[in-house]
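Take a look at the structure below.
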Amino acid sequence: MAKKKRDRVAAPGGFLALPKLLMEQRDFRELSPSALKVLIVLGSQYNGRNNGNLAATHSMMDVWGGMAKATLAKSLRELQDRNLISKTRENRRGREGARCALFALTWHTIDDCPGKDLDVVPSIIPQRRLSQA
């Protein structure tokens with residue numbers, strides 16, 4: 001008998017996949033609740049083609065229940081220190097206007113993000129390699 005092709009279940013609006021190998025890592029499991037929330041906010045923006053163009057601003061966090069500016073800054077630093085995200089563009093305020101910092105999930109490659117003026121180049125290898133060892 002031929003195997004039936006399983007119907008693919010599409011999640012309306014997309015989904016966030018966190019690799020089990022990542023979730024088994026000590027640095028992931030010991031994240032503070034605030035840092036985990038920020039990671040989910042960043043991951044919810046990832047669509048498979050925009051890694052490097054992910055943002056977590058104070059106004060964005062309001063939609064997710066709010067977060068103090070200092071807590072957001074501390075959470076972003078914690079995620080960077082644990083090599084779960086990397087900064088791809090610095091924030092800037094000036095006469096030309098303001099722009100927010102952008103980030104990438106380290107277990108995915110950094111994508112080409114035209115018009116975003118990233119401080120890093122696209123990559124073909126993720127910064128963080130996941131392995132079972």
Residues that, via side-chain heavy atoms closer than 4.5 angstrom, fall in one hydrophobic cluster with I124: I125
Can any side-chain N or O of [X] pair as donor or acceptor with the backbone N or O of [Y] at less than 3.5 Å?
X	Y	value
Q127	N83	no
H58	A68	no
N51	T109	yes
K37	W64	yes
T88	L102	yes
T71	M67	no

If two hydrophobic side chains count as joined below 4.5 Å and joins carry through other members, does [X] share a cluster with [Y]?
X	Y	result
L105	V121	no
L42	V63	yes
Y46	F15	no

Measuring from [X]:[atom1] to [Y]:[atom2], what's the distance to the nearest 0.5 Å?
X	Y	atom1	atom2	answer
W107	L21	CH2	CG	12.5 Å
Q80	F103	CD	CZ	5.0 Å
L79	I85	CG	CD1	4.5 Å
N50	I110	CG	CD1	12.0 Å
R89	L54	CZ	CG	11.5 Å
C100	M60	SG	CE	7.5 Å

Test log, rule side-chain hydrogen bond (donor to acceptor under 3.5 Å, both in side chains), inputs S34 and S32: CA-CA 5 Å; S34 297; S32 68; 5.0 Å; no
Validation row: P19, L130 side chains within 4.5 angstrom (heavy atoms): yes
Side chain to side chain, R128 and D27, heavy atoms closer than 4.5 Å: yes
Partners meeting ring-ring contact (aromatic ring centres under 6.0 Å, His included) with F28 (sequence neighbours left out): none
Least distance between heavy atoms, A35 atom then L31 atom: CB-CD2, 3.9 Å
For the student: nearest non-hydrogen atoms of V38 and A56, plus distance: CG1-CB, 4.0 Å
Derivation and outcome, side-chain contact (heavy atoms from CB on, under 4.5 Å), residues D111 and N53: CA-CA 8 Å; D111 298 310; N53 185 23; over 6 Å; no
More than 12 heavy atoms of other groups within 6.0 Å of K87 NZ: yes
Evaluation steps, side-chain contact (heavy atoms from CB on, under 4.5 Å), between T106 and S86: CA-CA 6 Å; T106 57; S86 62; 4.2 Å; yes
Salt bridge E78-R82, side-chain N to carboxylate O under 4.0 Å: yes
Qualifying side chain to side chain donor-acceptor pair (under 3.5 Å) pairs, either residue in residues 113-126, two or more places apart: R99-D117
